[in-house]
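Numbering of ligands and ligand atoms starts at 1, following listing order. Below, each value reflects all heavy atoms present in this structure, side chains not excepted, and no hydrogens, waters or symmetry copies.
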Amino acid sequence: MNFDLSPEQKHLRESILKFTAESLDNDGVTMRDRESVFSRELWRRAAGAGLASLTVPVEYGGRGYDAETTTVAMEAFGHGCEDGGFVFAMGAHLFAAVVPIQTFGTKDQKSRWLAGLGDGTLVGAHAMSEPGAGSDVGGIATRAERQGDHYVLNGVKTLATNSTEADLLLVSAVTAPEGNPQARLSSFIVESNTPGVAVTRRFETLGHRTTPLGELTLTDVRVPVDSLLSGKEGGGVAIFNHAMMWERVGIFAAHVGTMERMLKRTIAFARSRKQGGRPIAGHQAVAHKIADMKVRLEASRLLVYKAASQLDRSRLAAFDASIAKLFTSEAFVASALDAVQILGGAGYIQGRHPAERELRDALGTTLYSGTSEIQRTIIAAWLGL
Ligand SMILES: Cc1cc2nc3c(=O)[nH]c(=O)nc-3n(C[C@H](O)[C@H](O)[C@H](O)COP(=O)(O)OP(=O)(O)OC[C@H]3O[C@@H](n4cnc5c(N)ncnc54)[C@H](O)[C@@H]3O)c2cc1C
């Protein structure tokens, strides 16, 4: 067991920290968060630094990193980029749209889409959830009916990250209504400018306010048969589960990075803020909260890297990924609450200190990529319960 990063990984981490500090307009995040602004310019810059194609094979223009090195990169991204909504949007693009295409796509699908998704030209989204089907993907009602050499899609997709900006959608739809639940769904690559695709709502959210999030309707959307991801019907559940496994590692690695930034700032504040003539860090009640933040950070990091290592060794990393996701999301919320508590009133004022925004961002993490309750159900099932 070796917990050290390789020299190449250390260099990657340093270069992403430098890039994010210098090129992703950290100073503008308060305004973007307040106004819910997603910036295509920042997207192109981040993609130019390789962040949209970390996992994509070199032959398709990507960085070709394994899960562990991708985790190093995402942790640095989440640490250096103050815009949590932007980091989340990029993570959802990479792990829920790009990874499924690179893993399950036919040669033609990979050649056609991976370069643009990687170089920042295209934004991707994975549209599974529906108004009537969130935790229960078995309840998906969007239909895809084969008509000659086309499929015709009809349904409503909600809460898909990036959906209001996306150029390319991975849409999960029912192709075998009466079939085995595991083979009921298929996944389609749908260009968002296809006739019949409409953004019907853009949501204002509590946190991750710079992430484009909304609702789509699909009305008689005709896509050619070669839009079927993997080229075979019935793979939708497996594709979705694979995407979730990667999200639970990659996106939560970014949250580990954010937790570290939050810890450093909380320590600095507790040292500089004086009450009763001495720094508040000198109060054991405050110092213990900070100690708990450090323990949560270290435990989250170990779980995320363990899941990444498992992902590199086998595709059966779902158990580790769920444990890492559950723990990291709840640790992020608990540590963000501690940070705001330590800041006192300053932590409650919008735009005064990043912890206020980070707490709002953290609250989404126990919901997306499967709620905490669903992670516990997955973990219990792996334990045979
Ligand atoms: C910021 C954000 C980004 C998202 N991005 C995407 C995306 O990119 N693509 C996409 O398809 N979806 C996305 N979602 C949707 C997300 O996957 C769902 O919100 C989530 O799965 C929960 O579904 P729901 O909101 O319908 O809640 P419900 O499933 O209705 O759940 C409501 C509550 O009941 C609990 N519950 C439900 N079923 C069970 C059960 N069997 N056992 C125990 N408790 C249960 C839940 O844990 C939750 O507390 C996103 C959501 C958010 C908030």
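For atom 43 (C) of ligand 1, the nearest protein heavy atom (residue, atom name, distance) is Glu373 CB, 3.8 Å. The nearest protein atom to atom 1 (C) of ligand 1, hydrogens excluded, is given as Tyr368 CD2, 3.5 Å; this is a heavy-atom distance. Given atom 31 (O) of ligand 1, the protein heavy atom at minimum distance is Ser135 OG, 3.8 Å. The closest protein non-hydrogen atom to atom 46 (C) of ligand 1 is Thr371 OG1, 3.8 Å. Distance from atom 26 (O) of ligand 1 to its nearest protein heavy atom, with residue and atom name: Gly134 CA, 3.2 Å. Residue, atom and distance of the protein heavy atom nearest to atom 19 (O) of ligand 1 are Leu159 CD1, 3.7 Å. Distance from atom 12 (N) of ligand 1 to its nearest protein heavy atom, with residue and atom name: Ser129 OG, 2.7 Å.
The aromatic rings of Phe240 and His126 stand perpendicular to each other, their planes meeting at an angle above 60°, with 30° marking the opposite boundary. Note: Phe86 and Phe77 have perpendicular aromatic rings, judged against thresholds of 30 and 60 degrees for the angle between ring planes. The aromatic rings of His242 and Phe104 lie perpendicular to each other, with more than 60° between the two planes, well past the 30° mark. Aromatic ring orientation, Phe269 versus His353: perpendicular (interplanar angle above 60°, classes split at 30° and 60°).
Ser369 and Glu247 share a donor-acceptor pair across their side chains, judged by distance under 3.5 Å alone. With hydrogens and angles left out, the side-chain atoms of Ser372 and Glu330 include a donor and acceptor closer than 3.5 Å. No hydrogens or angles considered: nothing links the side chains of Thr158 and Glu130 as a donor-acceptor pair under 3.5 Å.
Proximity of Thr211 to ligand 1, defined as any heavy-atom pair under 4.0 Å, is not found for any part of the residue. Residue Thr161 touches ligand 1 through backbone and side chain together, judged by heavy-atom distances below 4.0 Å.
The distance from ligand 1 to the heavy atoms of Ile374 drops below 4.0 Å at these ligand atoms: 39 (C), 40 (C), 41 (N). With ligand atoms numbered from 1 in the order given, ligand 1 contributes 20 (C) to contacts under 4.0 Å with heavy atoms of Leu367.
Closer than 4.0 Å to atom 33 (C) of ligand 1 lies none of the heavy atoms of the protein. Atom 9 (N) of ligand 1 is flagged as protein-proximal [any protein heavy atom, distance under 4.0 Å].
Contact between Ala160 and ligand 1 is present, with at least one heavy atom of the residue lying under 4.0 Å from the ligand. For the ligand labelled ligand 1, residue His208 lies outside the 4.0 Å heavy-atom shell.
Counting non-hydrogen atoms of other residues, nucleotides and ligands closer than 6.0 Å to NZ of Lys110 gives a total above 12.
At distances below 3.5 Å, at least one donor-acceptor pair connects side-chain atoms of Arg209 with backbone N or O atoms of Asp33.
Side-chain contact between Asp108 and Asp226: absent, with no pair of heavy atoms (C-beta onward) separated by less than 4.5 Å.
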